[in-house]
Peer 1: 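Got a structure here, written out as C-alpha cells. Questions coming.
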Protein chains: 2
Amino acid sequence: MDTLETVRTAPRPGLRERKKQRTRDALLRAALGLFTAKGYERTTVDEIAEAVGVSQRTFFRYFASKEEAAFFVARLAESHFLAALRERPPGEPPLQALRRAVLDSWDTIGEAIEQLVPLELHMRLYRVIESTPALLAAHLRRATELEEEIARVIARREGLDVDADPRPRLVVAVFGAVMRVTERIWSAGDDVSLAAIRELAASHLDQVGPALVGNWRGK
Amino acid sequence: MDTLETVRTAPRPGLRERKKQRTRDALLRAALGLFTAKGYERTTVDEIAEAVGVSQRTFFRYFASKEEAAFFVARLAESHFLAALRERPPGEPPLQALRRAVLDSWDTIGEAIEQLVPLELHMRLYRVIESTPALLAAHLRRATELEEEIARVIARREGLDVDADPRPRLVVAVFGAVMRVTERIWSAGDDVSLAAIRELAASHLDQVGPALVGNWRGK
DNA sequence: AGGCTAGTGACAGCGACTGACACATGACAA
DNA sequence: TTGTCATGTGTCAGTCGCTGTCACTAGCCT
C-alpha cells in the first residue's frame, strides 16, 4: 500500500518513515542472507531479528510470516511481468503475448531487483525455494494465484468471461506449467543467470506445441 | 511399507495389528470429519486425538503431520492413476495415454475410496483443500512430485531420458495444468460428483490444443 | 510362565505466530 | 518550545504443530 507510492508522492519521507524502511530492508537482507547461507528451515525468526537488533515481534510486524520474507523479491518480479503483459498490443494471440511479456520483463527486472538486494542473492534463493518443500509449496500456490490474475487479463484482451469460457485459464495454466518446468530445470543446472533462464523458457515455449501432438518418433 | 502387502501375505493379521488398523482408521475418519465440519485450520490435532480417545502423541505416530491425514485418501487415487497409466498400450501417443488413464481410473476409484471413508466425505474434503491456502499449497507440491513420476513413465514409454529431452516433462506439466484447472472449476461448481469431473476433464483436454493456437475469434 | 518388543501416554521443549499492555520517541499544534 | 498524541517497539504470556525421551503396559513368542 505504501511502498513505492509514498516515496514518490511525499517529497521527504520523514525521519520515522525512513527508519522503518531501513529496518525492513535490514530484516529482508538478513533473512535472505541466512536462508541462502544455512537453509530456510534451519534459520529461526529469532536469529533474523537478532541479526538486525530488533525483537522477534517486530519482525512479524513487517512480515506476516517467515515465508513472506522469502517471497518479497519474487513479488516484485511478478508485478513487473504483469505490467509487461498489460502493455502487449491487443492484436497479439494470447500465448504470444505471454511469451513476449516474460522475455521482455526479464530484460529489465535485474536492475529493479538490484535496488533491493544483490541480484546474486535472489538467484541463490531460487535454489533454496526449489529444494525446500515448504517454500516450494508456497511458491506453487502463489503461482496459481498469479495465474488467475493473468487469466483475467487474457480474458479481457479477448473479450471473454473467465467463468464462461475455460480457454483463458487453460492457456495461462499451460504457460505457467511451461514456466515451472523451466524454473525447475534451470535451478537444477549450473548456469543460474537471467540469460540462461530466458533462453530455456524460449526453447520450451517453442517445444510445447509440437510435444502435445504425439508421436515424437520423428524427433 | 506394510499397508496392503501385509494384509495379503499374512493369513490373520493378529490382534495387535488389527487394533492398529482400527486406531488409524478412526483417526483418519475423525480428522476428515472435523476438517469438513469446522475447517482444517480450526481443528487442532488435540481435538482429533481426543475424538478417538488417544493422546496427541499417538496421532503423530500414525501421521507424520496433520497435513498427511488430509491427503491420505488422495494418495490412493494417485497410485490408482499411476497403475492405470502403466497399463496403457505402448503405441499410444503420450497425451492420449494420459487422457485414457485418468478417465479410466476415475471409473473405478470410487469403490476403492468407499472402503476407507464415505465417498461424499472425500468429495467435500476437496472443497476444503481448494479453499485452505496451506492445504492447496501442499496439494500443488504433491501434484508436481506426482508429475515428476509420471514424466518418468512417459519417458520410458518413448525410450527417452527425462534429463536430456524436456518433452516428457512438458507434456506431463501441460496435462497436470489442465487437471488443476479442471479441479478448480469443478470444486467451485455445484455438481461435485465423479461423473462431473470426468466430463469436465475430457472437455478441457479437448480444448487445450486449439486454445494454444490463437486466435480464438473463430470460436 | 516369562522375557522381549511394540504401541502408548505423560511430560518437556522448540519454533512459528498472536494478543495485550506499557513505554518511548518522532510528529504536530499551540 | 513545549505539551499532546499517534505510532513503532519490547516484553510477556499463551496457542498450536511437532519432536525427543522415558517409563509402562499389553500382545507376542518360546
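Worth saying up front: this structure is predicted, and the values here are computed from it rather than measured. Letters A, B, ... are given to chains in the order of the sequence lines, protein chains preceding strands, and every chain is numbered from 1.
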Peer 1: When the distance from CD of B:Glu17 to P of C:dT5 is rounded to whole Å, what number comes out?
Peer 2: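 It is 17 Å, rounded to the nearest whole Å.
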
Peer 1: To the nearest angstrom, how far is A:Phe60 atom CZ from D:dC16 atom C1'?
Peer 2: 13 Å

Peer 1: Does A:Arg184 come within less than 4.0 Å of B:Glu148, counting only side-chain N to carboxylate O?
Peer 2: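 A salt bridge links A:Arg184 with B:Glu148.
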
Peer 1: What does the inter-axis angle of the helix from C:dA1-D:dT30 to C:dA30-D:dT1 come out as, five pairs per end, nearest 10 degrees?
Peer 2: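 Roughly 10°, once rounded to the nearest ten degrees.
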
Peer 1: Would you mind reading off the distance between B:Phe35 atom CZ and D:dG17 atom C1', rounded to a whole angstrom?
Peer 2: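 Taking CZ of B:Phe35 and C1' of D:dG17, I get 12 Å after rounding.
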
Peer 1: Report the distance from atom CG of B:Asp46 to atom P of C:dC11, rounded to the nearest whole Å.
Peer 2: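 That distance rounds to 14 Å.
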
Peer 1: List for me each residue that meets side chain to side chain contact (heavy atoms under 4.5 Å, CB included) alongside A:Ala26, sequence neighbours excluded, and say none if there are none.
Peer 2: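 A:Val52.
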
Peer 1: Between protein and nucleotides 9-11 of chain D, what N or O pairs are separated by less than 3.5 Å?
Peer 2:
residue: D:dT9; atom: OP1; partner: A:Tyr62; partner atom: OH; Å: 3.2
residue: D:dT9; atom: OP2; partner: A:Tyr62; partner atom: OH; Å: 2.9
residue: D:dG10; atom: OP1; partner: A:Ser55; partner atom: N; Å: 3.3
residue: D:dG10; atom: OP2; partner: A:Ser55; partner atom: N; Å: 3.0
residue: D:dG10; atom: OP2; partner: A:Ser55; partner atom: OG; Å: 2.7
residue: D:dG10; atom: OP2; partner: A:Thr58; partner atom: OG1; Å: 2.1
residue: D:dG10; atom: N7; partner: A:Arg61; partner atom: NH1; Å: 3.4
residue: D:dG10; atom: O6; partner: A:Arg61; partner atom: NH2; Å: 2.8

Peer 1: Could you tell me the separation between the NZ atom of B:Lys66 and the C1' atom of D:dT15, rounded to a whole number of Å?
Peer 2: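 Atom NZ in B:Lys66 sits about 12 Å away from atom C1' in D:dT15.
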
Peer 1: Does B:Glu41 come within less than 4.0 Å of B:Lys66, counting only side-chain N to carboxylate O?
Peer 2: no

Peer 1: Looking at A:Arg180 and B:Glu147, does any basic side-chain N land under 4.0 Å from a carboxylate oxygen?
Peer 2: yes

Peer 1: Assess whether atom NZ of A:Lys19 is packed by more than 12 heavy atoms of other residues, nucleotides or ligands within 6.0 Å.
Peer 2: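 Counting other residues, nucleotides and ligands, NZ of A:Lys19 stays at 12 neighbours or fewer.
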
Peer 1: Just how far, in rounded Å, is P of C:dA27 from CZ of A:Arg18?
Peer 2: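 Nearest whole value for this atom pair: 8 Å.
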
Peer 1: Starting from P on C:dT18, measure out to CZ on A:Phe63 and report it in whole angstrom.
Peer 2: 14 Å

Peer 1: Do we see a donor-acceptor contact under 3.5 Å between the side chains of A:Asp191 and A:Ser193?
Peer 2: yes

Peer 1: B:Phe175 vs B:Phe81 aromatic rings, parallel, tilted or perpendicular, using cut-offs 30° and 60°?
Peer 2: parallel

Peer 1: Look at A:Arg152 together with A:Asp161 and state whether they make a salt bridge at an N to O cut-off of under 4.0 Å.
Peer 2: no

Peer 1: Nearest whole Å is fine: how far is C:dC14 P from A:Glu47 CD?
Peer 2: 14 Å

Peer 1: Give me the ring orientation class for B:Tyr126 and B:His139: parallel if the planes are under 30° apart, tilted from 30 to 60°, perpendicular past 60°.
Peer 2: perpendicular

Peer 1: If you take atom types as modelled and just measure distance, does the side chain of A:Arg16 reach the base of C:dA27 with a donor-acceptor pair under 3.5 Å?
Peer 2: no

